[in-house]
Amino acid sequence: MQLVDAELQESRQILPGQWLQQYHAPALAAGARAGQFVHVRGDWSGLVLRRPFTINTADPVTGTISIHFREVGRGTAWLTRLRPGERIDMLGPLGQGFQVDPRSRHLLLVAGGLGIADVRLLVDEALRDGRQVVLLYGCRDASEVYPSSLLPDEVEYLVATDDGSVGHKGFVTDLVLEYEAWADQAFACGPLPMLRTLAGLVAGRKGRLGVATLGRKRGGGRPVPPGSPAARRRSFLQVAMEQNMGCAVGACLGCVIWGVDGPQRVCREGPVFAYDEIDWDATAGPGTHAQ
Amino acid sequence: MQLVDAELQESRQILPGQWLQQYHAPALAAGARAGQFVHVRGDWSGLVLRRPFTINTADPVTGTISIHFREVGRGTAWLTRLRPGERIDMLGPLGQGFQVDPRSRHLLLVAGGLGIADVRLLVDEALRDGRQVVLLYGCRDASEVYPSSLLPDEVEYLVATDDGSVGHKGFVTDLVLEYEAWADQAFACGPLPMLRTLAGLVAGRKGRLGVATLGRKRGGGRPVPPGSPAARRRSFLQVAMEQNMGCAVGACLGCVIWGVDGPQRVCREGPVFAYDEIDWDATAGPGTHAQ
Amino acid sequence: MDLGRGLRLRNPLLVASGTFGYGVEYADVVDIERLGAICCKGTTLRPRQGNRPPRVTETPAGMLNSIGLQNPGVDAVLERYAAQWAGWRVPVIVNVAGESIEDYVQVVRKLDLVPGIAGVELNISCPNVGKGGLQFAIDQDAAAAVTRAVRRATELPLIVKLSPNVADIRPIAVAIADAGADALSAINTLSGMALRRDRSGPFLGNTYGGLSGPAIKPVALRIVYEVAQVVGIPIIAIGGVTGLDDVLDFLAAGAVAVQVGTAIFADPTLPVRLVDELTAECGRRGLASYRPLVGTALPGRTGAASSRGVEYRP
Amino acid sequence: MDLGRGLRLRNPLLVASGTFGYGVEYADVVDIERLGAICCKGTTLRPRQGNRPPRVTETPAGMLNSIGLQNPGVDAVLERYAAQWAGWRVPVIVNVAGESIEDYVQVVRKLDLVPGIAGVELNISCPNVGKGGLQFAIDQDAAAAVTRAVRRATELPLIVKLSPNVADIRPIAVAIADAGADALSAINTLSGMALRRDRSGPFLGNTYGGLSGPAIKPVALRIVYEVAQVVGIPIIAIGGVTGLDDVLDFLAAGAVAVQVGTAIFADPTLPVRLVDELTAECGRRGLASYRPLVGTALPGRTGAASSRGVEYRP
Ligand SMILES: Cc1cc2nc3c(=O)[nH]c(=O)nc-3n(C[C@H](O)[C@H](O)[C@H](O)COP(=O)(O)OP(=O)(O)OC[C@H]3O[C@@H](n4cnc5c(N)ncnc54)[C@H](O)[C@@H]3O)c2cc1C
Ligand SMILES: Cc1cc2nc3c(=O)[nH]c(=O)nc-3n(C[C@H](O)[C@H](O)[C@H](O)COP(=O)(O)OP(=O)(O)OC[C@H]3O[C@@H](n4cnc5c(N)ncnc54)[C@H](O)[C@@H]3O)c2cc1C
Ligand SMILES: Cc1cc2nc3c(=O)[nH]c(=O)nc-3n(C[C@H](O)[C@H](O)[C@H](O)COP(=O)(O)O)c2cc1C
Ligand SMILES: Cc1cc2nc3c(=O)[nH]c(=O)nc-3n(C[C@H](O)[C@H](O)[C@H](O)COP(=O)(O)O)c2cc1C
Ligand code: FES
Ligand code: FES
């Protein structure tokens with residue numbers, strides 16, 4: 001974790017109201033892992049809190065990272081007005097990223113809306129490590145479909161839209177069934193209802209799904225403490241969660257969600273959790289940025 | 001009084017930390033009288049109040065007005081960052097301006113520092129009406145001397161500096177003695193101590209000064225209500241006062257100073273008052289913008 | 001909307017006492033007839049010069065004022081404005097202040113039956129000389145006593161304005177409602193202060209000032225929400241309204257109307273614009289009136305108000 | 001600076017409880033050893049899960065929090081951090097909360113004589129189960145009782161933290177000082193709330209939250225100024241500090257030290273930078289210490305504190 005003075009290099013609207021910004025921030029680019037985030041401080045007079053954004057991509061070679069965000073309020077509106085060459089203060093990389101089992105060959109990524117920002121870097125990391133990636137993406141309609149041009153060619157990319165204007169008509173979770181057997185691990189980010197549905201799918205079909213998972217293959221063995229990297233790797237599904245934040249470093253206890261073992265800090269224990277760490281019934285919140 | 005969307009045309013720093021900005025605002029330019037002010041609303045998120053500025057110059061022909069201000073805090077700092085073509089909301093013209101007796105030939109203007117902004121338009125009006133103007137200007141040192149290039153040639157312009165680096169060494173009030181006999185009326189704006197000194201001078205020497213004043217010539221006659229235009233015209237000295245403001249239209253009673261007849265609203269009864277309306281002992285405040 | 005005893009407002013957007021003078025000051029730039037009502041500057045029995053200047057200063061997302069109830073006294077107010085008010089379509093509510101119950105009663109007696117006076121709003125955040133300078137507003141018995149006395153003195157619609165400077169507003173609100181108020185307004189300013197730039201003393205001539213503006217909205221919202229659960233009379237929300245979102249928040253928290261104060265200084269046209277924006281919002285939602293928006297954030301009848309004091313734990 | 005019983009701070013810049021965890025969380029980016037002191041997160045006898053999320057949200061120039069005192073309990077706090085704290089040069093003050101006097105006493109007994117604990121700050125803005133849920137902080141007798149009990153239980157330097165949610169802070173402050181507190185800290189948060197975007201209910205899981213940040217500074221300044229005139233013990237100011245001007249204001253109002261809270265979230269390096277800026281400011285003024293800056297805005301000995309309650313008149 002470092003405080004970094006990041007310089008905006010490029011800023012463009014890639015979808016209506018959705019922005020992709022690239023910053024020069026070598027210290028962040030070098031250390032970032034998929035699923036981690038930065039806590040951004042604008043010079044937004046009157047606003048007292050930073051804003052958290054997932055590290056969308058990170059390139060240690062060029063020393064750049066990108067964030068992908070939707071303009072929803074004053075903070076994000078301010079960001080859209082930032083011009084290349086201007087600098088902002090970023091704290092990061094923060095939180096626990098996705099845990100990929102070294103033996104996993106097949107990764108299933110499920111993203112709803114802006115949730116794509118949370119798994120985007122995982123695509124790069126997985127391909128780099130020679131894994132196969134299926135990315136399922138859900139959104140409202142054709143106007144919101146994440147451009148495939150922003151994804152590496154190697155990814156198998158499937159889209160679901162609420163209105164069927166592109167791809168499957170219905171929820172992105174409908175597409176999961178087809179890949180669950182194929183996948184060694186699944187990683188998801190999106191609106192709470194989507195994550196809850198996924199968690200239900202995985203929990204309900206644990207037996208069948210388990211057949212194909214590495215976790216099951218390793219079987220009963222030694223116990224791993226819940227929430228540990230090992231436990232997360234063994235869980236078939238990891239989800240990136242969201243909560244309003246104060247400090248983003250674990251100090252204020254502002255960002256908790258309810259886990260089965262009590263409150264969990266999204267900024268420290270998360271934002272990525274194994275699906276079975278979460279108390280899905282107790283978990284409600286501002287919703288995620290995903291839709 | 002109108003709410004006007006004013007477009008910045010030109011903005012320049014005329015002295016260290018002092019800015020002259022010209023706005024296109026025909027409705028204000030047409031109605032403005034010397035000594036009146038505008039209440040300016042920036043898009044300064046977090047700031048809840050407007051900021052008052054004297055109308056420094058007004059040209060009904062081009063439809064422009066100018067303000068001259070010192071950068072002292074967040075509001076004025078924000079103004080300096082405004083770019084030509086951008087628009088801000090101005091409420092004005094507000095308050096009572098200087099009252100020049102139609103018979104006055106010789107006007108003595110006394111300005112300390114930024115107080116020049118309050119009498120600047122009076123210079124133009126007086127010359128237009130064929131009067132003679134002496135402008136006495138006081139400031140700390142050479143670096144702060146108001147550029148004579150910004151004044152019409154017809155004005156007799158004398159400078160006093162605290163350190164004597166330009167003009168008279170000492171207070172601008174020292175220079176007044178030389179012109180008091182010549183002047184028909186005097187008009188002043190500047191720091192409170194300067195105004196208090198002037199008021200003392202005028203009060204103490206009322207007898208002698210009076211000889212030359214029109215007010216005295218008109219003598220005992222019918223009574224005029226204090227604070228009325230007529231009463232102010234009869235007073236040898238008029239001063240432009242300052243106070244923190246809320247509404248600037250007389251509604252909140254936030255901007256009062258203490259007058260001999262009780263509280264006076266700077267935004268309505270003022271900002272220009274006859275010197276003898278003010279209770280100089282009770283009057284303290286944030287100081288004026290003048291120095 | 002009926003605030004009681006026939007005080008009917010055509011819309012729920014009012015202007016707050018002390019920020020809109022006597023309604024005449026902003027008339028050049030505001031179509032005041034379109035307002036729901038105007039609460040005039042605090043009026044006392046005798047003229048008051050108010051506090052020493054300076055009286056206002058800006059603070060983060062807010063301002064402090066210490067006007068000190070400067071006003072020409074009730075007789076002069078009536079003489080200067082009542083006839084004019086009587087000709088307006090917009091109701092004028094006279095904000096009344098005093099230092100003793102007798103003060104309040106006398107002022108209200110003078111207002112009673114005068115054409116042009118649509119109602120009374122009692123500002124009880126005043127030191128009560130009878131109680132050693134303690135404010136009426138912080139003592140439930142004193143608040144009830146002044147309300148009861150005024151209630152007896154007039155048939156005018158009676159609004160009592162709550163102060164936020166208390167540990168628990170609920171018993172006070174209940175006492176005032178029980179004493180016969182037709183409506184409550186909340187909140188008055190928070191007690192605060194600022195220093196001179198050279199830090200040689202307080203900035204305001206009166207040392208202390210009242211904090212208003214967006215900064216206090218979370219406090220105002222909390223108080224409206226608390227009070228709405230314990231009284232049956234209408235609540236008029238005040239505190240930091242700067243846009244439609246704030247209006248909708250206060251309605252959802254249980255207010256039937258909203259006053260705009262400090263924000264007027266930055267944007268005098270705001271209250272009237274909010275009238276239009278609220279209408280448009282109702283249209284968008286297919287509502288014939290804004291009433292369904294009232295109280296949506298309140299707990300259901302079952303999960304009633306707590307009586308355990310301020311439950312907040314940091 | 002001596003806050004009593006040998007609690008000596010090398011500088012008057014502290015970090016406020018709940019905003020700096022246990023001092024370890026920001027250690028990557030802050031040289032914590034340079035701080036005057038660290039007030040750790042509120043600690044209770046037994047572990048607490050805290051309030052339901054969401055727990056924080058932004059408001060104009062401020063934020064609301066409703067953490068609900070989540071902490072692992074005093075035993076776990078000591079086990080996890082005490083040894084580490086004992087190795088630090090920066091004193092750690094343990095912020096203590098409870099629901100009964102017995103709670104407070106038991107926690108403090110456990111802290112007593114533990115190496116690494118430099119002092120205790122009592123957070124008394126907690127519902128007092130013995131008093132039907134009323135906060136200790138709003139009742140002068142309860143505040144005095146808990147202070148007295150804790151005082152008897154420990155020789156640790158004892159700071160008691162004042163709540164702003166009261167009509168008149170002065171009698172409470174006096175009662176706490178008389179009961180044996182070594183110092184006072186002020187203020188805790190103001191009680192406030194926010195709504196969900198769809199206005200179907202309160203935004204915070206706990207309904208109410210504590211308002212902090214620049215928005216509350218005028219209130220904090222007023223309380224420090226009031227308290228400084230009625231007690232003889234040191235005051236530590238808290239509330240909306242974001243820069244040197246705020247520090248200087250609080251010192252001038254009578255505080256001998258200042259805590260930075262909410263502003264840390266935006267700028268973790270602020271407290272340490274303020275240490276340097278304050279030193280530089282003293283240098284500019286030719287002062288060997290900042291002590292001459294304390295109390296410059298207070299009235300002279302003659303014009304002593306008013307005891308007439310909150311004198312503010314709007
Ligand atoms: C770990 C994490 C990663 C995130 N990554 C992304 C991302 O990659 N792309 C993206 O578009 N958004 C992301 N978000 C959500 C993003 O932080 C909010 O959309 C943003 O803070 C809104 O700021 P605002 O000022 O525009 O909105 P406002 O609604 O005006 O913000 C008001 C307050 O609410 C907080 N807030 C509002 N919505 C959220 C939210 N959904 N989550 C957390 N805090 C919120 C803000 O931080 C602020 O404190 C992420 C959130 C978290 C917790
Ligand atoms: C009738 C009138 C005419 C003025 N004309 C001019 C002018 O022509 N040129 C110029 O440079 N200044 C003028 N001033 C002063 C000017 O308004 C302040 O310098 C300005 O408001 C400071 O704003 P800020 O945000 O930069 O400073 P801040 O100090 O951050 O402002 C904080 C608050 O204090 C108020 N304030 C601060 N100083 C003053 C002050 N001296 N007078 C009134 N309010 C103040 C601001 O309006 C604001 O509410 C005039 C003031 C008045 C009352
Ligand atoms: C300058 C000023 C003067 C005020 N005068 C009065 C008053 O005379 N009587 C009163 O009841 N409230 C008075 N108030 C309080 C307001 O009516 C209102 O309750 C408070 O400002 C909160 O609302 P706001 O945040 O929208 O300003 C005054 C407020 C301000 C800013
Ligand atoms: C997230 C958060 C958690 C807090 N937790 C505590 C606490 O546990 N105990 C306590 O006494 N005060 C707590 N406070 C209050 C602060 O210590 C401080 O009194 C208050 O925030 C005002 O200061 P500020 O405006 O600088 O934040 C908390 C404040 C915040 C913002
Ligand atoms: S945001 Fe402070 S603990 Fe997570
Ligand atoms: S500023 Fe409101 S009366 Fe003058």
Side-chain angles (χ1 to χ4, degrees), chain A residues 1-5 27 31 39-52 72-75 88-94 192 241-259 261-268 278-279 281-288, chain D residues 15-30 38 40-42 47-72 194 196-198 201 203-205 209 212-215 240 242 261-269:
Chain A
M1 166 172 93
Q2 298 181 55
L3 270 172
V4 169
D5 198 29
H39 211 29
V40 172
R41 182 187 190 199
D43 177 24
W44 37 53
S45 41
L47 295 186
V48 305
L49 296 177
R50 288 172 180 252
R51 298 290 188 263
V72 293
R74 277 178 59 197
I88 56 174
D89 179 352
M90 289 187 178
L91 181 65
L94 299 167
L192 207 55
M241 302 296 288
E242 214 173 274
Q243 185 57 274
N244 276 23
M245 289 189 172
C247 66
V249 304
C252 75
L253 309 175
C255 66
V256 308
I257 54 172
W258 233 243
D261 289 336
Q264 303 290 326
R265 295 170 297 182
V266 169
C267 75
R268 282 293 274 220
I278 311 291
D279 178 345
D281 297 327
T283 295
T288 68
Chain D
V15 288
S17 174
T19 63
F20 211 75
Y22 297 94
V24 299
E25 292 83 351
Y26 275 113
D28 278 6
V29 290
V30 180
I38 293 171
C40 81
K41 176 65 193 163
R48 283 178 58 101
Q49 295 215 327
N51 293 324
R52 292 269 140 170
R55 293 177 171 182
V56 296
T57 189
E58 187 156 345
T59 67
M63 67 176 283
L64 288 165
N65 88 79
S66 63
I67 309 301
L69 292 173
Q70 179 184 336
N71 81 102
R196 285 191 209 128
R197 284 208 177 183
D198 65 4
F203 177 79
L204 298 172
S212 62
T242 63
T262 301
I264 292 171
F265 299 155
D267 184 0
T269 63

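Values reported hereafter were calculated over all heavy atoms of this structure, with side chains retained and with hydrogens, waters and symmetry mates removed. Every chain is numbered from 1, with letters handed out A, B, ... down the list of sequences.
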Notebook entry, point to check: Got a donor-acceptor contact below 3.5 angstrom from the A/Arg41 side chain to the A/Asp89 backbone?
Noted result: no
Checklist line | Expected output: side-chain A/Arg50 to main-chain D/Ala266 donor-acceptor under 3.5 Å | finding: yes
Next item on the list: Taking the side chain as every heavy atom from C-beta outward, state whether D/Pro72 and D/Tyr22 have any pair of such atoms under 4.5 Å apart.
Entry: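 When only atoms from C-beta onward are counted, D/Tyr22 and D/Pro72 do touch, with a gap below 4.5 Å.
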Check: Hey, are the side chains of A/Met241 and A/Leu192 touching, using non-hydrogen atoms and a 4.5 Å cut-off?
Finding: yes
Note to self: Heavy-atom pairs under 4.5 Å with chain D: which of A/Met1, A/His39, A/Arg268 has the most?
What the structure shows: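 Ranked by heavy-atom pairs under 4.5 Å with chain D, first place is A/Met1.
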Next item on the list: Sort out for me which of A/Gly75, A/Gly73, A/Gly246 touches chain D most, counting heavy-atom pairs under 4.5 Å.
Entry: A/Gly246
For each of [options], tally heavy-atom pairs with chain A at distances under 4.5 Å, and name the one with the top tally.
options	result
D/Cys40, D/Pro60, D/Gly205, D/Ala61	D/Ala61
D/Asp267, D/Thr57, D/Thr269, D/Asn71	D/Asp267
D/Gly62, D/Gly23, D/Ala215	D/Gly62

Next item on the list: Quick one: which residue pairs count as a salt bridge (Lys or Arg N to Asp or Glu O under 4.0 Å) with a foot in residues 53-71 of chain D, not counting sequence neighbours?
Entry: A/Arg51-D/Glu58
Item checked: Side chain / backbone / both / neither for D/Arg52 at chain A, heavy atoms under 4.5 Å -> both
